[in-house]
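Here is the structure we will look at, set down as structure tokens.
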2 protein chains.
Amino acid sequence: MNIGKASKLSDLTVKTVRYYANIELVKPKQSNFTGYREYSEEDVLKLKFVGKARKFNFSIEECRELLSLYENENRSSKEVKKITLEKICEIDKKLKELKGLRNELSYLANNCHGDDKPNCPILDAFSQK
Amino acid sequence: MNIGKASKLSDLTVKTVRYYANIELVKPKQSNFTGYREYSEEDVLKLKFVGKARKFNFSIEECRELLSLYENENRSSKEVKKITLEKICEIDKKLKELKGLRNELSYLANNCHGDDKPNCPILDAFSQK
DNA sequence: TTTATACTTTCCCCTTAGGTCAAAGTTTAT
DNA sequence: ATAAACTTTGACCTAAGGGGAAAGTATAAA
């Protein structure tokens with residue numbers, strides 16, 4: 001099938017699918033008559049796989065790693081679990097950081113009257129030496 | 001003062017300070033003899049202000065907006081509060097998203113034996129149709 | 001069969017917020 | 001006078017594609 005159909009089936013944009021071909025993440029055969037990319041059913045499965053992993057916040061390089069484990073019949077689930085646990089750690093760090101930010105910002109917002117006067121604790125906090 | 005000193009005083013890298021000059025976020029005078037940028041005390045205060053706001057996850061464009069409010073004697077604190085509340089909303093959305101991801105990933109990880117066998121619920125989830 | 005429409009290709013520039021490196025000019029210290 | 005430290009602009013790099021142009025290809029309608 002052509003890229004348009006593969007794109008629809010995998011629920012990715014054509015641009016994305018073409019990008020994945022360019023970086024050799026999911027690389028279909030390419031006709032030497034027309035130059036059109038020819039996607040197989042298996043290619044579509046891989047595209048879907050990557051789409052899912054990307055939604056789980058895995059980077060392209062991590063997707064590449066997961067994909068090679070996915071394709072490897074001799075893989076151990078240990079490897080996959082390790083990568084996943086690392087990703088969870090990463091998310092935890094990000095969560096902590098964002099929660100801290102949120103607390104500070106909401107503290108500032110709570111102390112700002114939000115009226116038509118220029119006095120503003122938020123700006124004061126930002127201009128603190 | 002030159003950019004090096006302004007950079008140290010504001011706790012930003014020279015590159016960052018130069019970048020802010022280029023995008024006219026904090027734009028110092030520039031000597032027409034040597035071409036060196038000449039930072040004033042006030043410029044440094046603005047740099048620090050931006051540095052703080054950036055740490056609070058405000059984008060450069062949002063910093064530009066906050067900075068113009070900061071410089072505007074006739075501002076109303078309402079405007080600043082509005083921007084801040086929007087930023088809090090944004091952070092809340094991101095938090096929700098990340099928490100969802102974390103839950104799904106940790107569910108998958110908990111169900112993965114993490115042994116030397118190829119069977120892996122994580123990969124199974126990613127390859128689900 | 002011709003034409004119109006839809007699809008595909010490669011190529012180039014754009015995004016955030018700077019980082020890295022190079023060549024050349026300037027200032028300061030020895 | 002010269003070396004070291006500082007500054008300038010410029011070009012290219014990051015992640016993960018998006019947007020659009022120009023040109024080739026396929027398919028459907030007239």
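Order of the sequence lines fixes the chain letters, A, B, ..., with proteins taken first and strands second; residue numbering starts at 1 for each chain. Everything numeric here is computed off the predicted structure, so don't read it as measured data.
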Rounded to whole Å, how long is the line connecting atom [atom1] of [X] with atom [atom2] of [N]?
X: A:Glu38; N: D:dA26; atom1: CD; atom2: C1'; value: 14 Å
X: A:Asn32; N: C:dT10; atom1: CG; atom2: C1'; value: 17 Å
X: A:Arg54; N: D:dG17; atom1: CZ; atom2: C1'; value: 9 Å
X: B:Tyr19; N: D:dT7; atom1: OH; atom2: C1'; value: 20 Å
X: B:Glu24; N: C:dA17; atom1: CD; atom2: P; value: 17 Å
X: A:Asn2; N: D:dG24; atom1: CG; atom2: P; value: 19 Å
X: A:Asn22; N: C:dC12; atom1: CG; atom2: P; value: 13 Å
X: A:Asn57; N: D:dA15; atom1: CG; atom2: P; value: 15 Å

Which residue lies more 5' along DNA chain C, comparing B:Ile60 with B:Lys15 via nearest heavy atoms:
B:Ile60
Evaluate A:Glu90 against A:Lys93 for salt bridge (charged side-chain N to carboxylate O under 4.0 Å, His left out), listing each step before the verdict.
CA-CA 5 Å; A:Glu90 230 177 81; A:Lys93 265 183 66 181; over 6 Å; no
Measure from NZ or CZ of B:Lys87 to the centre of the six-membered ring of B:Phe58 and say whether it is under 6.0 Å with the direction within 45° of the ring axis.
yes
When you get a sec, tell me which of D:dG18, C:dT10, D:dA16 is the closest nucleotide to the side chain of A:Gln30?
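Out of D:dG18, C:dT10, D:dA16, the nucleotide with an atom closest to A:Gln30's side chain is C:dT10.
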If you check every side-chain atom of B:Thr16, which of C:dG19, C:dT8, C:dA17 has the closest atom?
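Minimum distance to the B:Thr16 side chain belongs to C:dG19.
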Sugar-phosphate, base or nothing in reach of [X], heavy atoms under 4.0 Å:
X: A:Arg37; value: sugar-phosphate
X: A:Glu61; value: nothing
X: B:Phe33; value: nothing

So, for B:Thr13 and B:Ser7, which heavy atoms are closest and what is the spacing to 0.1 Å?
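Taking every non-hydrogen atom into account, C-OG, 3.8 Å.
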Which heavy-atom pair separates A:Ile3 from A:Val14 by the least distance, and what is that distance?
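Of all heavy-atom pairs spanning A:Ile3 and A:Val14, the closest is CD1-O, 3.9 Å.
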What about B:Tyr36: does its side chain form a donor-acceptor pair under 3.5 Å with the base of C:dG25?
yes
Both A:Thr34 and A:Arg18 contact DNA chain D. Taking the nearest nucleotide for each, which residue is further toward the 5' end?
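Closer to the 5' end of DNA chain D: A:Arg18.
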Over 60° means perpendicular and under 30° means parallel, so tell me whether B:Phe49 and A:Phe126 are parallel, tilted or perpendicular.
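Perpendicular: the ring planes of B:Phe49 and A:Phe126 meet at over 60°.
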Can you check whether B:Tyr20 has a side-chain N or O nearer than 4.0 Å to OP1 or OP2 of C:dG18?
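Looking at the OP1 and OP2 atoms of C:dG18, one of them is under 4.0 Å from a side-chain N or O of B:Tyr20.
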